[in-house]
K.L.:
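This structure is in structure tokens; I'll ask about it shortly.
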There are 2 protein chains.
Amino acid sequence: MNLSKTSKYAFRILGHMAKDEHALYSAQQLHKDIYVPERYLRRLLTDLSKHGFIKSIQGRHGGFTFACDTSTITLLQIVEAIDGQGSINECILGYDICVFNHSCPMHDVWEETKLKIIETLSKTSLKDIHYKILEDL
Amino acid sequence: MNLSKTSKYAFRILGHMAKDEHALYSAQQLHKDIYVPERYLRRLLTDLSKHGFIKSIQGRHGGFTFACDTSTITLLQIVEAIDGQGSINECILGYDICVFNHSCPMHDVWEETKLKIIETLSKTSLKDIHYKILEDL
DNA sequence: ATTAAATACTACCTTGTTGTAGTATTTTAC
DNA sequence: GTAAAATACTACAACAAGGTAGTATTTAAT
């Protein structure tokens, strides 16, 4: 159960871009829209394109656009790309080895909630966020 | 949604002490039992006693013991004491102001899960963990 | 070709968290 | 009273995450 600030930034970026799935977004414009530090945002955009969520187009009228359909990108995929695989699934007591047959004292207490978190993150795609935004209008 | 390593250490300490609620635990023994760095553990014990969860007894045969009934200490209280009030309730996109009438795009998607997390942490007391441990035997 | 506007790469600075060290203080067995 | 065994206090070291800077590269309008 941990979500780095950088993962939250990634949510902001991709969630915002999902508003118009096929548009081209420049780093400069994104910076103004979602309040992520500009240089850090640029680095993160490069990172996200390396992970295959978006693709970058260089040159005078370049920018970033989705590399695949937004319905195929889940929040869990984004977190795992940024924070590392299994980052959400970590033991709540911080023990390295905590599996069902050698579990920590709080394992069962936490298990159900952890599954709920993972379920939400893995079942919510960027397209779902997109719809949500439209509803908000 | 954030749980610092220090909070996890606090869970380990208090969860372990809850096994025998009225016993006196020395820092040295706790260190051996729960693998928290000894000096850091001592500092954290002082901190936890200042927060009123436990009380310290100085002197030759001193140590730490609970300052109140373990059934009155919830996991949420522990997290909020260590990581700060509202640390769990933070916006998933990292925005400072994100309330129901000015919510972020992901607010509704995340709300239910967040409530589940808070409910679990606030309904689980150290005594519950204690019982869990007994069942494990 | 030149230039403007974008991304890419690498290195470094800053900040917060985690962990360590040294020393002081308290208490009790002897 | 003295020493042992515990906690308390303060400062700092180490590390990781977040953020910045400078420069290089790519592309297309002109």
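Residue numbers start from 1 in every chain, and the chains themselves are labelled A, B, ... in the order their sequence lines are given, proteins ahead of strands.
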K.L.:
Between A/Tyr9 and A/Ser4 (side chain of the first, backbone of the second, donor and acceptor by atom type, cut-off under 3.5 Å), is there such a pair?
P.N.:
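Judged by distance alone, no pair lies under 3.5 Å.
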K.L.:
Roughly how many Å is it from CD1 in B/Ile54 to P in D/dA8, rounded to a whole number?
P.N.:
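It is 9 Å, rounded to the nearest whole Å.
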K.L.:
Just the rounded figure in Å: distance from C1' of C/dT18 to CG of B/Asp83.
P.N.:
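For the pair B/Asp83 CG and C/dT18 C1', the rounded distance is 13 Å.
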K.L.:
Can you check whether B/Val36's main-chain N or O pairs, donor with acceptor, with B/His31's side chain at less than 3.5 Å?
P.N.:
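Indeed, once roles are kept as given, a pair shorter than 3.5 Å links the two residues.
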K.L.:
Could you work out which one of C/dA6, D/dG19, D/dT7 sits closest to the side chain of B/Arg42?
P.N.:
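Out of C/dA6, D/dG19, D/dT7, the nucleotide with an atom closest to B/Arg42's side chain is D/dT7.
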K.L.:
Under a 3.5 Å distance rule, please check whether A/Glu21 uses its side chain to pair with a backbone N or O of A/Phe66 as donor and acceptor.
P.N.:
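Here the side-chain-to-backbone pair does not exist.
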K.L.:
Could you check whether B/Ser4 gets within reach of a base, just the sugar-phosphate, or nothing at all, counting any heavy atom under 4.0 Å?
P.N.:
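The answer is sugar-phosphate, as B/Ser4 gets under 4.0 Å only of primed atoms, P, OP1 or OP2.
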K.L.:
Over how many whole Å does the gap from A/His31 atom NE2 to C/dA6 atom P extend?
P.N.:
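From A/His31 NE2 to C/dA6 P: 13 Å.
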K.L.:
Without hydrogens or angle criteria, can the side chains of B/Asn2 and B/Ser87 be said to hold a donor-acceptor pair below 3.5 Å?
P.N.:
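Distance-only check fails for B/Asn2 and B/Ser87.
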K.L.:
Do we see a donor-acceptor contact under 3.5 Å between the side chains of B/Thr6 and B/Tyr40?
P.N.:
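Yes, B/Tyr40 and B/Thr6 have a side-chain donor paired with an acceptor closer than 3.5 Å.
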K.L.:
Below 4.0 angstrom from OP1 or OP2 of D/dG18, is there any side-chain N or O of A/Thr6?
P.N.:
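Looking at the OP1 and OP2 atoms of D/dG18, one of them is under 4.0 Å from a side-chain N or O of A/Thr6.
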K.L.:
Should B/Gln28 be listed as having a side-chain N or O under 4.0 Å from OP1 or OP2 of D/dA5?
P.N.:
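Negative; the distance criterion is not met.
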K.L.:
Mind checking if B/Glu38 touches a base, just sugar-phosphate, or nothing, with heavy atoms under 4.0 Å?
P.N.:
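Contact class for B/Glu38: none.
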K.L.:
Where the side chain of B/Ser26 is defined as all heavy atoms beyond and including C-beta, which of D/dG18, D/dA6, C/dA6 is the nearest nucleotide?
P.N.:
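So the side chain of B/Ser26 is nearest to D/dA6.
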K.L.:
Return no unless some side-chain N or O of B/Lys55 is found under 4.0 Å from OP1 or OP2 of D/dT7.
P.N.:
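It does not, given that no N or O in the side chain of B/Lys55 lies less than 4.0 Å from OP1 or OP2 of D/dT7.
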K.L.:
Please list, for nucleotides 28-30 of chain C, all pairs of protein and nucleotide N/O atoms separated by less than 3.5 Å.
P.N.:
none

K.L.:
Rounding to a whole Å, what distance do you find between A/Tyr25:OH and C/dT7:C1'?
P.N.:
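Rounded to the whole Å, the gap is 18 Å.
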K.L.:
Roughly, in whole Å, what's the span from OH in B/Tyr40 to C1' in D/dA14?
P.N.:
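So the OH-C1' distance, B/Tyr40 to D/dA14, works out to 13 Å.
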K.L.:
Does any N or O in the side chain of A/Thr65 come within less than 3.5 Å of the main-chain N or O of A/Ala23, such that one atom is a donor and the other an acceptor?
P.N.:
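Yes; judged by distance alone, with no hydrogens or angles, the pair exists.
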K.L.:
Are A/Tyr95 and B/Arg12 close enough that some pair of their side-chain heavy atoms sits under 4.5 Å apart?
P.N.:
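Yes. Closest side-chain heavy atoms under 4.5 Å.
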K.L.:
Less than 4.0 angstrom from a charged side-chain N to a carboxylate O is my criterion; do B/Lys116 and B/Glu112 meet it?
P.N.:
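Salt bridge: no.
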K.L.:
Between protein and nucleic acid, restricted to nucleotides 9-13 of chain D and to nitrogen or oxygen atoms under 3.5 Å apart, what atom pairs and distances do you find?
P.N.:
from: D/dC9; atom 1: OP2; to: B/Lys50; atom 2: NZ; distance (Å): 3.1
from: D/dA11; atom 1: N6; to: B/Arg43; atom 2: NH1; distance (Å): 3.3

K.L.:
B/Leu44 CG to C/dT20 C1': how many Å, rounded?
P.N.:
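Atom CG in B/Leu44 sits about 15 Å away from atom C1' in C/dT20.
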K.L.:
Does A/Asp128 come within less than 4.0 Å of A/Lys123, counting only side-chain N to carboxylate O?
P.N.:
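Result for this pair is no, no salt bridge flagged.
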K.L.:
Ignoring backbone atoms, establish whether B/Tyr9 has a side-chain N or O less than 4.0 Å from OP1 or OP2 of C/dT18.
P.N.:
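Negative; the distance criterion is not met.
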